[in-house]
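All values below were derived from every heavy atom in this structure, side-chain atoms included, with hydrogens, water molecules and symmetry-related copies excluded. Here is how names work: the chains are called A, B, and so on, in the same order as the sequence lines, proteins then strands, and each is numbered from 1.
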Amino acid sequence: MDTKFLKIMSRNIGQKMTRAMEEIYDLAGGVFNINSPKQLGLILFEKLGLPPVKKTKTGYSTDVTVLEKLKNQHPLPEKILEFRMLTKLRSTYVDAMPALINPKTLRVHGSFNQTVAATGRLSSSNPNFQNIPIRTEMGREIRKAFCAQEKDHFILAADYSQVELRIMAHLSEDPNLVAAFKQDADIHTHTAAMVFNLKQEDITSDMRRTAKVINFGIMYGAGAHRISQELNISHGDAGAIIKAYFERYTGVKDYIEKTITECKELGYASTLYGRKRPIQDINSENRNLQEAAKRAAINMPVQGTAADIIKIAMIRMHDWMKKENLKSKMILQVHDELVFEVHPDELELLKKQVPAIMELAGKLIVPLKVDVGVGKDWYEAH
DNA sequence: TATGTCACG
DNA sequence: ACGTACGTGACATAT
Ligand SMILES: [Mg+2]
């Protein structure tokens, strides 16, 4: 870990927090605990009279979807979101990691749990290395602190490209989805072309974004409601897009129905390699429970098969590294990604072999693809 | 310990 | 009328 870097980052975030806090108290007309959803709810929805968007068990919801909707009515919600981002990054990552460094090894040693996630995924704890920020630039900067211990050594990150959609192609044998991956097409652009009935070259970035939400949404069993919220479009339009998707990818539709039927009969859903997840609620009288169980059943074969494949890759990787007496180390797994600390003498070898081992770990009717990045830290390796 | 929130794939 | 996309873990607050 680059603790010097984290120390500076903590100070910088702290300054931004102070500024945001002052503006928040100003806009709210008084001091309160911004981290208390209860106090914040009173300020937003009673003192300022903004319209409540949704409720929680205990009161007003103030989560990011709510504050996004209130942004155009008052300047406070946006400042709250900024403050929340800053506090999350500082308390969960920037200030937490240095405190966890083992004085003997000068490293942070977490756990990868093999018997927690119901789908067969690993989970990571103390600390969780599988949710290190990447989606915002400020968060992403934190990855600069994850560096090789020795100067001149490297971090190598290798991640599967669209592994879950490739698995869906394999399981469903849908001709359109299979063809897309055999051509190594940009899958979201491909789906956009299918759904909007256009050529791939005529797809706009907005249409691609829509298709991306659909591609992921389908694998989780999303309905028109969720898709409409996600894309900020009408319920009717969202329904029409989902309908168009299933008309073009009929194999996916059939596969999803088959998975649910089979789960109802057997009481479990399974992966390509035979891992089973019991899903008893699939036969529940309670409609909400049954619908949630259907979505879990749809997702299990996809998420679970991806977990099986990367586990196979990790075992083969370990065997290979041991046999070759390598000095480099496999240090992290993030569901579709493996991270290595690499000795400079072994860099070229790993750049070649790591993706090869990962790509061959799963035998699917479409190819698996792995992207590799190298740098002095995890930020550069991506 | 429960709850709400938010970080990731 | 209600709820509404899967799988996780950590933090702060409130009780
Ligand atoms: Mg990936």
Side-chain angles (χ1 to χ4, degrees), chain A residues 32-41 54-67 80-81 83-97 99-100 110-113 116-136 138-140 142-143 159-165 168 213-231 235 238-239 242 256 259 269 277 279 286-304 306-307 310 332-338 378 382:
Chain A
F32 66 104
N33 187 340
I34 309 166
N35 287 322
S36 163
K38 194 175 169 193
Q39 294 182 39
L40 177 61
K54 66 174 178 181
K55 289 183 299 188
T56 65
K57 261 185 235 186
T58 55
Y60 304 113
S61 172
T62 69
D63 72 18
V64 62
T65 63
V66 170
L67 298 183
I80 301 290
L81 286 172
F83 182 83
R84 284 223 178 119
M85 179 182 76
L86 296 168
T87 53
K88 170 67 97 180
L89 295 180
R90 194 157 90 139
S91 67
T92 306
Y93 307 101
V94 178
D95 289 350
M97 291 300 158
L100 295 170
S111 299
F112 285 95
N113 313 301
V116 172
T119 55
R121 275 188 172 182
L122 301 184
S123 83
S124 167
S125 57
N126 304 309
N128 183 355
F129 286 122
Q130 293 179 324
N131 74 347
I132 304 301
I134 193 167
R135 293 176 190 172
T136 65
M138 194 186 298
R140 195 174 194 137
I142 292 169
R143 293 181 174 229
D159 81 294
Y160 286 107
S161 166
Q162 307 298 355
V163 65
E164 293 195 350
L165 284 164
M168 178 59 93
V213 168
I214 300 293
N215 276 334
F216 286 114
I218 295 292
M219 285 190 299
Y220 301 146
H225 178 84
R226 177 63 185 245
I227 299 292
S228 70
Q229 295 289 310
E230 202 78 27
L231 291 171
H235 189 274
I242 293 172
I256 287 173
T259 303
R277 174 181 180 176
I279 304 180
N286 178 321
R287 215 193 65 159
N288 286 334
L289 287 182
Q290 191 189 119
E291 292 299 321
K294 283 183 192 170
R295 296 190 297 268
I298 293 167
N299 186 244
M300 164 65 185
V302 174
Q303 187 179 122
I310 198 168
L332 298 176
Q333 188 253 43
V334 194
H335 309 303
D336 72 343
E337 173 184 8
L338 296 177
W378 202 5
H382 259 275

Touch class at under 4.0 angstrom, heavy-atom based, for A:Ile134 against every strand present: sugar-phosphate
Selection from B:dT5, B:dA7, B:dG4 that lies nearest to any side-chain heavy atom of A:Met85: B:dA7
Interatomic distance, A:Tyr60 OH vs B:dT3 C1' [rounded to whole Å]: 18 Å
N/O donor-acceptor pair, side chain A:Glu230 with base C:dA5, under 3.5 angstrom: yes
Sugar-phosphate only, base, or nothing, as touched by A:Arg277 at under 4.0 Å among non-hydrogen atoms: sugar-phosphate
Parallel, tilted or perpendicular: rings of A:Phe216 and A:Tyr220 (30°, 60°): parallel
Salt bridge present between A:Arg287 and A:Glu291 (N-O < 4.0 angstrom): no
Contact pattern, 5' to 3', of nucleotides 10-15 of chain C - B, S or - by protein heavy atom under 4.0 Å: BSSSSS
Sugar-phosphate, base or nothing in reach of A:Arg287, heavy atoms under 4.0 Å: base
Pairing annotation in dot-bracket form, given for DNA chain C with Watson-Crick or G-U pairs under 3.5 Å and | for cross-strand partners: .....|||||||||.
Separation of atom OH in A:Tyr93 from atom P in B:dA7, rounded to whole Å: 7 Å
Below 4.0 Å: OP1/OP2 of B:dG4 and any side-chain N or O of A:Thr58: yes
Any A:Ser123 side-chain nitrogen or oxygen under 4.0 Å from OP1 or OP2 of C:dG7: no
Members of residues 294-304 of chain A that approach DNA chain C, where some heavy atom sits under 4.0 Å away: A:Arg295, A:Ala296, A:Asn299, A:Gln303
Gap between atoms CZ and P, on A:Phe83 and B:dT5 respectively (whole Å): 15 Å
Spacing between A:Leu332 atom CG and B:dG9 atom P, to the nearest angstrom: 13 Å
Which atom of A:Leu67 lies closest to which atom of A:Leu81, heavy atoms considered: CD1-CD2, 3.7 Å
Sugar-phosphate only, base, or nothing, as touched by A:Ala307 at under 4.0 Å among non-hydrogen atoms: nothing
A:Phe216 CZ to B:dC8 P, straight-line distance once rounded to whole Å: 14 Å
Heavy-atom closest pair, residues A:Arg143 and A:Pro133: NE-O, 2.7 Å
Side chains of A:Asn113 and A:Ser125, donor plus acceptor under 3.5 Å: yes
Polar pair under 3.5 Å, donor/acceptor by atom type, side chain A:Arg226, base C:dG3: no
